> 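Right, I'll just put the structure down here and ask away after.
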2 protein chains.
Amino acid sequence: MSQAQTLRPDLIAVLEDQGYRITAPRQAIVQLLEHKQEGFTAEEIIADLDSVGRATVYRTIKLLLRAGVVCKLATMDGAPKYSLSRAEHHHHTVCVSCGAVGEFRAATVERLLRGLAGDIPGRILGHRIEFYITCAACLPVDSN
Amino acid sequence: MSQAQTLRPDLIAVLEDQGYRITAPRQAIVQLLEHKQEGFTAEEIIADLDSVGRATVYRTIKLLLRAGVVCKLATMDGAPKYSLSRAEHHHHTVCVSCGAVGEFRAATVERLLRGLAGDIPGRILGHRIEFYITCAACLPVDSN
DNA sequence: GCACATGATGATACTGCATATCACTACCGG
DNA sequence: CCGGTAGTGATATGCAGTATCATCATGTGC
């Protein structure tokens, strides 16, 4: 079983299930995203799809966010990055050299963090962990 | 060594030591920050100090960043927050209700994260952890 | 004390990301 | 076929942050 889409339950279908219409622009965007799993900015999408207006791109991204299909990642330089979220809960690695965004999961981390509740004043609702790395692709170049 | 200034070694002196001039606007900004340890946005400072121009506020914040006196925190809604960094290395708590930013340290976390090196492809340069919480002040209101 | 070089300032213009507006189009149900 | 609603995109607008630049302050050498 498991159509082996492994974890991508046909993104378009997800939208359809939530009552949204499947339009050409939305299909174009989703299709593009499927090839850009690396982490992308809104402006990137806009640049790649001349046929789709800015407004629609931003609207669609919000749609996908609400649908839980993509996740948002605030970056230091202002422009947030988005990425298709395959796993339920995960964290990000950001290459400081090329900006590529990756995902990882580590159960040990989650367990530990839960144990921290006592150190934190107030009720914990969620957390975020990011690792700043030099990614494999940039390593040879970067480390001289 | 370690003058034990506990952790705030006279912010103005830090700037002076780095060869910057101590001017009225800079003093005004630093003084304001000392009272706003909660985490603040650039625009907040600008609004509070009519006598100081936008440009100068942004310039001074960058100065303080470079001097390591304040630290930057990317937020989901775009406008980054800054806070006086008292401890060397620390992480943040962000109240989703009122936006207040706090700091905490947890050696256990650091130790664990170092152990994760194997799970992360590439060279780890740094990390960031944020907890999203409902802070003590907001709890009664927020939780119904 | 004066002149000059340099640092700092702030008003303004500008850039870039994101949202709001709004007229128009596509689609769906009757 | 018709009307209503969802969706679209051009444009205007908002807002954070940066760049420009004339002006002012500071410090130094004389």
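By convention in this document, chain letters (A, B, ...) are assigned in the order of the sequence lines, proteins followed by strands, and residues within each chain are numbered from 1. Model, not experiment: these values are computed from the prediction.
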> Answer yes or no: is there an ion pair linking Glu44(B) with Lys36(B), defined by an N-O contact shorter than 4.0 Å?
yes
> Does dT19(C) have OP1 or OP2 under 4.0 Å away from a side-chain N or O of Tyr58(A)?
no
> Under 4.0 Å, counting only non-hydrogen atoms across every strand here, what does Ser51(A) touch: a base, just sugar-phosphate, or nothing?
sugar-phosphate
> Would you mind classifying the nucleic acid contact of Thr23(B) as base, sugar-phosphate or nothing, using non-hydrogen atoms under 4.0 angstrom?
sugar-phosphate
> For the pair made of CD in Glu43(B) and C1' in dA16(D), what is the distance, rounded to whole Å?
6 Å
> Return the 5'-most residue of the pair Ala79(A), Arg59(B) with respect to DNA chain C, ranking by each residue's nearest nucleotide.
Arg59(B)
> Using a 4.5 Å cut-off on heavy atoms from C-beta on, say whether the side chain of Leu64(B) contacts that of Leu33(B).
yes
> Are Arg54(B) and Glu43(B) close enough for a salt bridge, meaning some N to O gap below 4.0 Å?
yes
> Rounded to whole Å, please give me the gap between CD1 in Ile45(B) and C1' in dA16(D).
15 Å
> If I take atom NZ from residue Lys81(A) and atom CG from residue Leu73(A), how far apart are they, to the nearest 0.5 angstrom?
8.5 Å
> Determine to 10° how strongly the helix from dG1(C)-dC30(D) to dG30(C)-dC1(D) is bent, judged from the axes of its five-pair ends.
10°
> For Ala55(B) and for Arg21(B), find the nucleotide of DNA chain D with the closest heavy atom, then tell me which residue's nucleotide is more 5'.
Ala55(B)
> If I take atom CG in residue Asp77(A) and atom P in nucleotide dC17(C), what distance separates them, rounded to the nearest angstrom?
10 Å
> In whole angstrom, give the distance that lies between atom CD1 of Ile61(A) and atom P of dG9(D).
14 Å
> Quickly work out the Ile29(A) CD1 to dT8(D) P distance and round it to whole Å.
8 Å
> Can you tell me the distance, in whole Å, between the CD atom of Gln18(B) and the P atom of dA8(C)?
12 Å
> Select from Val52(A) and Gly78(B) the residue whose nearest nucleotide in DNA chain D is closer to the 5' end of that strand.
Val52(A)
> Can you check whether any acceptor in the base of dG7(D) is under 3.5 Å from a donor in the side chain of Arg26(A), or vice versa?
no
> Identify, between Lys62(A) and Pro25(B), the residue whose nearest nucleotide on DNA chain C lies closer to the 5' end.
Pro25(B)
> Rounded to the nearest angstrom, tell me the gap between atom CG in Leu65(B) and atom C1' in dT18(D).
15 Å
> In plain terms, say whether Arg105(B) and Glu103(B) are close enough for a salt bridge, that is, a side-chain N and a carboxylate O under 4.0 Å apart.
no
> Let me know the distance between CG of Leu15(B) and P of dT26(D), rounded to the nearest Å.
16 Å
> Out of curiosity, does Ile22(A) fall in the hydrophobic cluster containing Leu49(A) (side-chain heavy atoms, cut-off under 4.5 Å, transitive links)?
yes
> Are any non-hydrogen side-chain atoms of Tyr82(B) and Leu65(B) less than 4.5 angstrom apart?
yes
